[in-house]
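Let me begin by presenting the structure, written as structure tokens, before commenting on it.
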Protein chains: 2
Amino acid sequence: MSVSAPTFSPLYRQIKALLVQSLGAGEWRPGAAIPSETELAGRYGVSQGTVRKAIDELAAEHILVRRQGKGTFVATHHEQRQLFRFLRLVPFEGTLEYPDTRLLECRRTRAAADLARLLDLKAGDGIVYLRRLLIFQEAATVLDEISLPAALFKGLTPTKYEEHKGSLYRLFETEFGTRMIRADERLRAVAADAATAELLTVREGTPLLCVERVAFTYGDRPVEFRRGLYRTDRHYYKNELG
Amino acid sequence: MSVSAPTFSPLYRQIKALLVQSLGAGEWRPGAAIPSETELAGRYGVSQGTVRKAIDELAAEHILVRRQGKGTFVATHHEQRQLFRFLRLVPFEGTLEYPDTRLLECRRTRAAADLARLLDLKAGDGIVYLRRLLIFQEAATVLDEISLPAALFKGLTPTKYEEHKGSLYRLFETEFGTRMIRADERLRAVAADAATAELLTVREGTPLLCVERVAFTYGDRPVEFRRGLYRTDRHYYKNELG
DNA sequence: AAGTGGTCTAGACCACTTT
DNA sequence: AAGTGGTCTAGACCACTTC
């Protein structure tokens with residue numbers, strides 16, 4: 001076998017690691033097809049079944065998507081199914097619609113110590129900071145603060161944001177080559193302060209759902225910190241415990 | 001012209017369905033070993049690989065647990081790993097400890113229309129209703145209201161509850177043969193009313209995390225409705241978006 | 001040594017998509 | 001017809017547990 005991975009693990013995991021490595025290096029772009037199982041088997045000198053098991057795990061993690069008869073594709077945020085993996089808000093009544101957004105702020109700043117720790121940076125490293133509202137059916141519902149490593153998102157401007165009226169993660173993926181794979185969230189209930197209350201058109205002190213998120217790209221590298229304040233009078237946060 | 005084909009499912013899914021059926025019927029109790037892959041293969045007249053794939057999926061759903069060299073076992077809530085699958089509260093500081101509980105109420109009642117709908121019952125069907133506090137490090141943190149179909153949990157008394165100082169789901173599994181497999185949760189932020197505030201030792205109006213849960217047993221049968229009110233000043237609700 | 005799950009292989013055939 | 005992923009089989013060998 002032509003495989004030499006640093007750690008000892010089953011063959012199919014070594015293949016999986018090689019695939020993730022190629023994905024992280026941008027060898028195959030989101031939405032594109034990766035080589036067929038038989039071709040990969042030949043390339044790595046293993047059987048098709050072993051490649052298959054590697055791809056099985058990547059598909060289970062939503063990193064790859066299989067389509068019978070067509071091939072295996074790099075997952076992308078440009079799919080309806082993926083859209084709400086990272087936005088768990090569901091209306092109590094009616095159907096879910098994708099929100100409008102209003103950008104409030106977009107500037108460069110520097111990472112404080114706690115943010116630097118979360119994003120695996122040094123204190124003082126450059127940060128792109130966004131603030132925005134998500135508006136469902138004319139109702140401002142979410143106030144988001146988003147911090148990104150400036151090194152990865154250098155050209156992120158209000159113009160770029162506005163051009164890309166849709167998911168931020170689509171923008172990140174197409175314009176900056178950074179795809180979000182998974183995220184950790186911490187939820188708690190907080191009271192709206194005066195400034196937040198005005199933006200969300202609620203009374204000061206109204207209970208809000210505070211959602212703090214660290215999002216990760218290939219190889220579990222943290223690349224986004226986000227704090228969202230959610231009105232939960234018309235929507236709830238949906239979670240499935242499996 | 002072809003008429004729509006009858007629902008076809010691959011062999012390994014049929015095997016999986018048979019296994020779930022046996023599990024739901026109590027043929028193998030939680031914690032017990034199921035027959036070996038080779039024995040099941042013989043019983044169902046398929047290859048070991050096909051049985052293996054069925055078990056793979058059940059293991060991924062935490063319904064079965066494999067232990068190399070020993071066998072495959074029915075998952076049980078009597079495992080540390082499983083304990084916090086259904087209790088997502090994590091302290092901001094320090095390590096997670098299992099809470100004490102204080103039972104406030106335990107009585108029989110009848111299902112209102114909305115509860116009946118959630119639990120797939122008829123309005124007026126018997127319900128066992130519990131109310132309790134979860135207490136972390138001397139601090140009352142969660143106020144739970146729990147509704148269960150009386151048909152399944154007939155002998156649930158305060159005595160039974162107190163005997164079983166631990167997870168409720170352990171009690172359900174060992175005493176009533178009903179094992180919780182997965183749950184859907186709806187989260188929102190609410191203000192504490194006077195009665196709740198007193199129980200959780202917070203001021204009236206304090207923002208609380210409201211967590212509504214429907215839990216399911218084998219075959220996606222809903223068997224519990226729960227509404228929890230969480231203080232989130234010392235704990236947060238942890239979620240992983242995969 | 002025997003039994004269990006875990007990995008890897010090779011080949012056959014099926015279902016779906018495209019040419 | 002050719003290429004892709006999806007299923008199923010049979011057999012070999014490995015790693016772990018128990019006797």
>> Would Thr174(A) and His78(A) count as a side chain to side chain donor-acceptor pair (under 3.5 Å) here? Give the steps.
In response: CA-CA 10 Å; Thr174(A) 54; His78(A) 294 254; 4.7 Å; no
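Applying the side-chain contact (heavy atoms from CB on, under 4.5 Å) rule to Leu96(B) yields the partners Phe84(B), Pro91(B), Phe136(B); only residues at least two apart in sequence or on another chain are considered. Glu145(A) pairs by the side-chain contact (heavy atoms from CB on, under 4.5 Å) definition with Tyr129(A), Arg131(A), Arg227(A), not counting sequence neighbours. Checked against ring pair (Phe, Tyr, Trp, His ring centres under 6.0 Å), Tyr169(A) has the following partners two or more places apart in sequence or in another chain: His77(A), Phe86(A), Phe172(A). In this structure, the side-chain contact (heavy atoms from CB on, under 4.5 Å) partners of Asp184(B), at least two apart in sequence or on a different chain, are Glu240(A), Arg182(B), Phe216(B). Checked against side-chain contact (heavy atoms from CB on, under 4.5 Å), Leu133(A) has the following partners two or more places apart in sequence or in another chain: Arg102(A), Leu104(A), Ile135(A), Ala140(A), Leu143(A), Leu199(A), Leu200(A). The side-chain hydrogen bond (donor to acceptor under 3.5 Å, both in side chains) check on Thr157(A) picks up nothing, with sequence neighbours excluded.
Nearer the 5' end of DNA chain C, as judged by each residue's closest nucleotide, is the contact made by Arg52(B), out of Lys70(A) and Arg52(B).
Note on residues 14-24 of chain B: pairs passing side-chain hydrogen bond (donor to acceptor under 3.5 Å, both in side chains), not counting sequence neighbours, are Lys16(B)-Glu57(B), Lys16(B)-Glu61(B), Ser22(B)-Glu27(B). Counting only residues at least two apart or on different chains, no ring-ring contact (aromatic ring centres under 6.0 Å, His included) pair has a member in residues 10-45 of chain B.
Using a 4.0 Å cut-off between a side-chain N of Lys or Arg and a carboxylate O of Asp or Glu, Glu37(B) and Arg66(B) qualify as a salt bridge.
Heavy-atom distances under 4.0 Å link DNA chain D to Gln68(B), Gly69(B) of residues 59-69 of chain B, given in residue order. If you check residues 15-22 of chain B against DNA chain C, you find no residue with a heavy atom closer than 4.0 Å.
Rounded to 10 degrees, the angle separating the terminal axes of the helix from dA1(C)-dT18(D) to dT18(C)-dA1(D) is 0°, with each axis obtained from five end pairs.
Residue Thr141(A) is tested with Thr232(A), Leu134(A), Leu89(A) for a side-chain contact (heavy atoms from CB on, under 4.5 Å); the sole match is Leu89(A).
The outermost nucleotides of DNA chain D lying under 4.0 Å from heavy atoms of chain A, listed 5' to 3', are dG3(D) to dT7(D).
Between Glu173(A) and Thr76(A), the side chains place a donor N or O and an acceptor N or O closer than 3.5 Å (distance only, hydrogens not considered).
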